[in-house]
Protein chains: 2
Amino acid sequence: MATPAGAPSNELSASLATEPETSAQRARRARIIQATLALASRGGYEAVQMREVAERSEVALGTLYRYFPSKVHLLVSAMAHELERMRLRLQRKAIPGETRQERVSYVLERSTHSLQRDPNLTEALVRAMMAADATVAEEVTGVRNQMADLIIQAMRNGRPATAEDVAYAGILQDVWFARQIAWLGGRVSSEEIWDDIEQAIALVLRD
Amino acid sequence: MATPAGAPSNELSASLATEPETSAQRARRARIIQATLALASRGGYEAVQMREVAERSEVALGTLYRYFPSKVHLLVSAMAHELERMRLRLQRKAIPGETRQERVSYVLERSTHSLQRDPNLTEALVRAMMAADATVAEEVTGVRNQMADLIIQAMRNGRPATAEDVAYAGILQDVWFARQIAWLGGRVSSEEIWDDIEQAIALVLRD
DNA sequence: GCGGATACTAGAACACGTTCTCATCCCGAG
DNA sequence: CTCGGGATGAGAACGTGTTCTAGTATCCGC
């Protein structure tokens, strides 16, 4: 049932044990995720149709469901995959900024813009996160831990994190997701979103 | 298309103009909302089935769709209805508490508990809010304004609200919704939710 | 009261997520 | 290499949100 999404980055990332897979199976899983991302990028949540994903990844519908027990599992796993890419990209160089506000702003802005450059994809992924019920708890927790890692890394800049830091990261993440929802609910523009998020960062992390 | 949900409480509540309706139409609308709440209360989001709602409210399926163009519209309107009841109940007596933290905690706790006393109903309503796309923007904005009104009223305790107050109310609302999602995603207990929300209140409203 | 427009009813029809069936393939144990 | 069992393929089938059609009722201006 566990859907491994990439290597954990630190103590927060639940390392979902990956049961052994043949290389053909790894390849199938990769093809499925790629097809999912392609379809999501083209037409958002509704364009990710299970029959279409199966066809594109050259896998039977039943097999797709064996790998990912629901559309939401599939998309949340795809989000984990994208976040992992983003984490690797960010890790290559040190996070700029003197204060933790500046660094957290930098990381969240990079992530937000990197996602919103592909609004359809973002819509699909965020919508899936919000639609997740208890059966997807494990995967969702993985994604949240990945995001929390990103934020905490920026806040602490290498120094060990306190319980307070984790709580702050949680709140910022809540605001981040809620603002994404507001955006894809057509209620605010992407600029307004960013203003709101920065305001929340300033508020939560003020000294 | 607009679905009026009750009288606005102050300048924030968008007063959706209610086009004239015959009393039979008002009665149909009321029956539909009641049937929706009953089904949601019994089995949550998935138990609110459009055919079942139509049958219980003694209305043809097509008519149901004329009144509410989708399941999400229907549930968001039901949420507006519930919030309006809550607002009226709270309005009857002054909000207790010396500081704005105390008052906001009081209001949000009352609201949260009042909702979580009926977890199935809460699940249905919150899930609908998160599933709302741009076509439901108007109704969602109505609900958000109702909640913001609640919070701002508690913060200001009668005094006029500043732009900052509105922003704070927005952040608190974001956290509130995100924590509800986490709860119905099976990732945290209802006690943890409440701790998280109180922490966010303390953080955002600290002096 | 009449006639035309609009609203309503009953039910079929369609789309897509999900489940099921059964035949075939592949992989590891012996 | 052979066998047995799990994995996969192909496709039918089902449930529920949504749309459509045709006929009937209701309302409103005259």
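All chains are named by letter (A, B, ...) in the order of the sequence lines, taking the proteins before the strands, and each is independently numbered beginning at 1.
No donor-acceptor distance shorter than 3.5 angstrom exists from the side chain of A/H73 to the backbone of A/E139, with no hydrogens or angles considered. A donor-acceptor pair under 3.5 Å is formed between the side chain of A/R100 and the backbone N or O of A/L205. Between the side chain of A/D196 and the backbone N or O of A/I193 there is no donor-acceptor pair closer than 3.5 Å. A distance-only check finds a donor-acceptor pair linking the side chain of B/T122 to the backbone of B/D118 [under 3.5 Å].
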task: Would you mind building the protein contact string for nucleotides 17-30 of chain D? One character per nucleotide, 5' to 3', B for base within reach (heavy atoms under 4.0 Å), S for sugar-phosphate only, - for untouched.
output: BBB-----------
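Distance, A/L74 CG to C/dC16 C1': 15 Å, rounded to whole Å. Here D/dA10 presents its C1' atom at 14 Å from CG of A/L64, a figure rounded to the nearest Å. If you take CD of B/E55 and C1' of C/dC8, they are 17 Å apart, rounded to a whole angstrom. The CZ-P distance, from A/F68 to C/dT19, rounds to 16 Å in whole Å.
At most 12 non-hydrogen atoms from other residues, nucleotides or ligands lie less than 6.0 angstrom from CD of B/E55.
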Sort me out a list of protein N/O and nucleotides 5-8 of chain D N/O pairs below 3.5 Å, or just none if empty.
residue : atom : partner : partner atom : Å
D/dT8   : OP1  : A/R28   : NH1          : 2.7
D/dT8   : OP1  : A/Y67   : OH           : 2.9
D/dT8   : OP2  : A/R66   : NE           : 3.2

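Remark: A/H113 NE2 to A/L108 CG distance equals 11.0 Å, nearest 0.5 Å. To the nearest 0.5 Å, atom CG of residue B/L75 and atom NE2 of residue B/H81 are 13.5 Å apart.
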query: Do B/D133 and A/E123 pass the side-chain contact (heavy atoms from CB on, under 4.5 Å) test, and can you show the C-alpha distance, the side-chain angles, and the key distance before you say yes or no?
result: CA-CA 10 Å; B/D133 67 2; A/E123 189 253 5; 5.9 Å; no
